[in-house]
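In what follows, a single structure is set out as C-alpha cells and then discussed.
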Amino acid sequence: RKLFFDTHALVCLLEENGFTTQQSEVIVSALVKIMNTNLDMIYKDMVTKVQQEIALQQVMSHIGGVKKDMIILEKSEFSALRSENEKIKLELQQIKKQVMDEITKVRADNKLNLNLEKSRVKELVSFGYFLLETSQHWHAQQDRALTQTDRKIDTEVADLKTMLESHKLDNIKYLAG
C-alpha cells in the first residue's frame with residue numbers, strides 16, 4: 001500500500017515540537033496502522049473494476065431480458081387491445097345500424113300518424129262545415145217558419161180582435177135596441 005504522506009517528515013515534525021524520536025515513531029506507526037485499518041474497512045465495501053464490469057454486464061443482460069419480455073408483452077397486449085377494439089367497433093356499428101333502423105321506423109310511424117291525423121282533421125273540418133251549413137240552413141228554415149207562425153198568430157189575433165169588436169158592436173146594438 002502506498003501512503004499519501006511522508007512518514008519521516010511527520011516524525012521530524014513531531015521531534016521538533018518536543019516529542020522524542022521513539023515517541024514520534026510510535027505515533028506515526030499508530031497513525032499508519034489506523035489508516036491501514038480504515039483503508040481495509042473501506043476496501044471491503046468497495047469492488048474492483050473487474051467486479052464492477054462483471055456486475056454491469058449482468059445488470060445489462062437482465063435489462064435486455066426485461067426489455068425483450070416487455071416487448072413481447074406489449075405486442076401481445078397490443079394485439080389483444082387491437083382485437084378488443086375491433087370487437088367494440090363492430091358492436092358499435094351494429095348498435096348504430098339498429099339505432100338508425102329504429103329512427104327510420106319511428107319517422108315512418110310518425111309520418112303515418114301525422115297523415116292520419118291530417119285526414120281526420122280534414123274530415124272533421126269538412127263535417128264541421130257540413131254541420132255549419134246544415135245548421136245555418138235549418139236555422140234559416142226555422143226562422144222562416146217562426147216568421148210565418150208569427151204572421152199567422154198576428155193575423156189570427158187581428159181576426160179575433162176584429163171579430164171581438166164586431167161582436168161587441170153587435171152586443172151594443174142589441175143592448176141599445
Legend entry - Cluster overlap Tyr129 with Val121, hydrophobic side-chain contacts below 4.5 Å: yes
Inset, instruction - Using the rule that two of Ile, Leu, Val, Met, Phe, Trp, Tyr join whenever any of their side-chain heavy atoms come within less than 4.5 Å, decide whether Ile95 and Ile103 are in one cluster. - result: yes
Inset, instruction - Could you tell me the separation between the CD atom of Glu86 and the CD atom of Glu84, rounded to the nearest 0.5 Å? - result: 10.5 Å
Inset, instruction - Please answer whether the main-chain N or O of Leu13 pairs with a side-chain N or O of Asn17 as donor and acceptor at a distance below 3.5 Å. - result: yes
Legend entry - Ile42 CD1 to Lys44 NZ distance, which is reported to the nearest 0.5 Å: 12.0 Å
Inset, instruction - Look up atom OG in Ser79 and atom CD in Glu74, then write down how far apart they are to the nearest 0.5 Å. - result: 11.0 Å
Inset, instruction - Could you grab the distance from atom CG of Leu146 to atom CZ of Arg144, nearest 0.5 Å is fine? - result: 11.5 Å
Inset, instruction - Report the distance from atom NZ of Lys161 to atom NZ of Lys168, rounding to the nearest 0.5 Å. - result: 11.5 Å
Inset, instruction - Find out whether Gln142 and His139 are in side-chain contact, i.e. whether some heavy atom of one side chain is under 4.5 Å from a heavy atom of the other. - result: yes
Legend entry - Test item: Lys122 and Ser126 side chains (from C-beta on) under 4.5 Å apart, heavy atoms: no
Inset, instruction - Classify the side-chain pair Gln141/His137 by whether it contains a donor and acceptor separated by less than 3.5 Å. - result: yes
Inset, instruction - State whether the number of non-hydrogen atoms from other residues, nucleotides or ligands found under 6.0 Å of Gln52 atom CD is greater than 12. - result: no
Inset, instruction - Give the minimum heavy-atom separation between Leu14 and Ser24, together with the two atoms involved. - result: CB-OG, 3.2 Å
Legend entry - Distance (rounded to the nearest 0.5 Å) between Glu156 CD and Thr149 OG1: 11.5 Å
Inset, instruction - Scan for side chain to side chain donor-acceptor pair (under 3.5 Å) pairs involving residues 94-118, sequence neighbours excluded, and state none if there are none. - result: Glu117-Arg120
Legend entry - Shared hydrophobic cluster, Val32 / Ile27 (ILVMFWY, side-chain heavy atoms < 4.5 Å): yes
Legend entry - same_hphob_cluster(Leu31, Phe19) at 4.5 Å side-chain heavy-atom cutoff: yes
Legend entry - Residues in side chain to side chain contact (heavy atoms under 4.5 Å, CB included) contact with Thr20, at least two apart in sequence or another chain: Gln22, Gln23
